[in-house]
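Note that the numbering runs from 1 along the sequence shown for the chain. Computed from heavy atoms alone, side chains included, the values below leave out hydrogens, waters and symmetry copies.
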Amino acid sequence: MLLKEYRICMPLTVEEYRIGQLYMISKHSCEQSGGGEGVEVVKNELDTHPEYGRGQLTEKRIYLNSKLPAWLKAFVPRVFYVTEKAWNLYPFTITEYSVSYLPKFSIRIETRFENNNGDNNNVFGDTPTQAENVSFLDILSDPIPEKHYKESEDLSRWQSSKTGRGPLEKGWRDNHKPIMCSYKRVQCSFEVYGFQTRTEEFVHRIIRDILLVGHRQAVSWVDEWHGLSYEDVREYEQVMQEKTNSKVKSSQNTHSPTPPRPPFSRSISVTDERSLKKMGVTTAAMPDPSGSSRPKSPIRLNSTPE
């Protein structure tokens with residue numbers, strides 16, 4: 001298991017970000033959906049967390065086949081999604097990710113928001129994260145993937161007409177008012193021999209990029225959401241949720257079928273089969289279509305999600 005704590009500061013207050021976070025997630029999800037991929041919201045309702053009490057529970061399916069590296073695509077179906085379950089107990093949230101046919105894969109993210117510049121070394125109140133596992137992400141200067149860059153979201157050029165904030169300058173985290181920090185403790189686990197380290201490091205790189213892009217957008221879009229009430233942003237969230245779900249489903253229904261991936265048959269080794277079994281993927285012996293007397297060989301079952 002690879003655990004890291006990310007700290008992302010923003011020129012906002014915790015109270016402001018309660019609105020900004022909901023707005024950013026809704027708009028970002030809609031922007032990133034289409035072509036059969038993106039975010040489908042399955043559940044969004046008030047519920048009671050067994051440990052932390054009343055909060056907003058959301059469940060989503062995140063379709064992301066094209067975003068996977070080639071070495072990982074070999075182990076997933078063509079229609080592949082991650083299940084996200086999130087509890088919003090603001091200013092504390094818990095988000096968990098899982099894949100039904102990979103029981104040894106999981107991600108858990110605990111988040112706390114505080115009005116400071118990231119100087120709380122035990123924000124979760126239990127065991128402080130070791131210093132070497134703490135990373136400060138700078139929404140101004142840290143690089144993001146080129147495909148996500150937009151000049152309108154460049155905080156060195158950003159200027160808010162509603163709040164008078166911006167642009168940000170080097171060293172802004174030490175003297176900007178207001179300032180808040182999003183503390184995220186991320187645990188990633190993929191307990192499969194030969195793939196564990198590579199997969200966990202890959203997931204953390206993706207999470208880092210997502211955090212940088214999302215928090216940059218929450219700030220750069222401030223004039224779009226600043227002044228909205230909690231009821232206003234929940235209404236916006238509902239409208240965008242319906243739009244996003246429609247984009248994902250319509251794309252999947254109209255997307256032209258692709259040739260099926262060749263089954264894992266004689267090319268799979270004993271070691272490969274054992275790895276698949278450790279990952280929770282069922283294999284079974286199937287008859288040889290040629291009718292020859294050669295030994296039966298395993299192929300992969302359950303190649304589409306339930």
Side-chain angles (χ1 to χ4, degrees), residues 4-10 12-33 38-62 81-98 106-116 118 120 123-126 137 139 178-188 206-208 210-219 221-222 224-245 248:
K4 291 188 177 182
E5 181 180 315
Y6 299 97
R7 301 181 189 180
I8 313 100
C9 291
M10 292 174 285
L12 305 170
T13 67
V14 169
E15 293 72 23
E16 288 173 332
Y17 189 59
R18 188 184 189 197
I19 305 298
Q21 179 193 36
L22 293 174
Y23 183 93
M24 175 270 291
I25 291 173
S26 300
K27 181 177 176 179
H28 178 88
S29 296
C30 192
E31 284 189 347
Q32 297 299 311
S33 297
V39 181
E40 177 187 1
V41 181
V42 179
K43 182 185 297 184
N44 188 356
E45 60 191 27
L46 284 171
D47 206 336
T48 302
H49 189 278
E51 182 177 355
Y52 298 103
R54 198 73 167 166
Q56 191 80 13
L57 171 64
T58 60
E59 182 176 338
K60 302 175 183 177
R61 291 179 178 178
I62 306 172
Y81 65 83
V82 174
T83 298
E84 174 195 286
K85 289 188 177 181
W87 289 90
N88 189 336
L89 306 145
Y90 206 84
F92 175 52
T93 66
I94 302 170
T95 310
E96 296 176 341
Y97 298 88
S98 61
S106 65
I107 302 171
R108 177 182 171 88
I109 303 176
E110 297 173 88
T111 306
R112 286 197 180 274
F113 307 105
E114 288 193 346
N115 286 313
N116 56 48
N120 187 341
V123 69
F124 297 99
D126 42 30
L137 303 185
I139 58 176
I179 191 167
M180 64 162 288
C181 184
S182 172
Y183 295 82
K184 291 185 175 288
R185 183 163 62 184
V186 181
Q187 300 176 60
C188 175
I206 295 298
I207 288 173
R208 178 191 177 280
I210 291 172
L211 293 179
L212 279 169
V213 172
H215 288 78
R216 283 164 59 105
Q217 289 176 332
V219 174
W221 295 344
V222 66
E224 299 178 28
W225 57 260
H226 200 274
L228 296 178
S229 67
Y230 185 74
E231 291 72 24
D232 291 336
V233 78
R234 281 296 184 190
E235 183 177 342
Y236 173 82
E237 180 186 50
Q238 181 63 35
V239 171
M240 296 301 283
Q241 173 181 312
E242 293 172 0
K243 184 177 179 180
T244 302
N245 283 3
V248 173

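Ring geometry, Y23 versus Y236: the interplanar angle falls under 30°, so the pair is classed parallel (tilted spans 30 to 60°).
Ionic pairing of E110 and R185 is present here: one or more N-O contacts between side-chain nitrogen and carboxylate oxygen are shorter than 4.0 angstrom.
Each salt bridge (charged side-chain N to carboxylate O under 4.0 Å, His left out) pair with one or both residues in residues 18-29, not counting sequence neighbours, appears once here: K27-E224.
Nearest heavy atom pair, residue W225 against residue E16, reads CZ3-O, 3.3 Å. Considering every non-hydrogen atom in both C9 and G118, the closest pair reads SG-N, 4.0 Å. The shortest non-hydrogen separation linking R54 to L89 is O-CD2, 3.3 Å. Residue M24 comes nearest to A218 through the heavy atom pair CG-N, 3.8 Å, listed as atom of the first residue, atom of the second, then distance. Minimum heavy-atom separation, I107 to C188: CG1-SG, 4.3 Å. Closest approach of N120 and V123 over heavy atoms only: OD1-N, 3.3 Å.
The side chain to side chain contact (heavy atoms under 4.5 Å, CB included) test applied to N115 returns T13, V14, E15, M180, not counting sequence neighbours.
Note that R112 lies in the cation-pi zone of F92, set by a 6.0 Å cut-off to the ring centre and a 45° limit from the axis.
A donor-acceptor contact shorter than 3.5 Å is absent between the side chain of H226 and the backbone of V222. Between the side chain of T95 and the main chain of A86, no donor-acceptor pair closer than 3.5 Å is present.
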Inset, instruction - Would you please test N88 and Q21 for side chain to side chain contact (heavy atoms under 4.5 Å, CB included) and show each step? - result: CA-CA 11 Å; N88 189 336; Q21 179 193 36; 4.1 Å; yes

Inset, instruction - Using the side chain to side chain contact (heavy atoms under 4.5 Å, CB included) rule, take H215 and Y17 through it: C-alpha gap first, then chi angles, then the decisive distance, then the call. - result: CA-CA 10 Å; H215 288 78; Y17 189 59; 3.7 Å; yes

Inset, instruction - Take I109 and Y6, measure what side chain to side chain contact (heavy atoms under 4.5 Å, CB included) needs, and give me the verdict at the end. - result: CA-CA 10 Å; I109 303 176; Y6 299 97; over 6 Å; no

Legend entry - Check against ring pair (Phe, Tyr, Trp, His ring centres under 6.0 Å), Y90 and F113: CA-CA 8 Å; Y90 206 84; F113 307 105; 5.0 Å; yes

Inset, instruction - Starting from the C-alpha separation in whole Å, work towards a yes-or-no answer on side chain to side chain contact (heavy atoms under 4.5 Å, CB included) for W87 and E96. - result: CA-CA 9 Å; W87 289 90; E96 296 176 341; over 6 Å; no

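Between the side chains of E237 and Q241, no donor-acceptor pair of N or O atoms lies under 3.5 Å.
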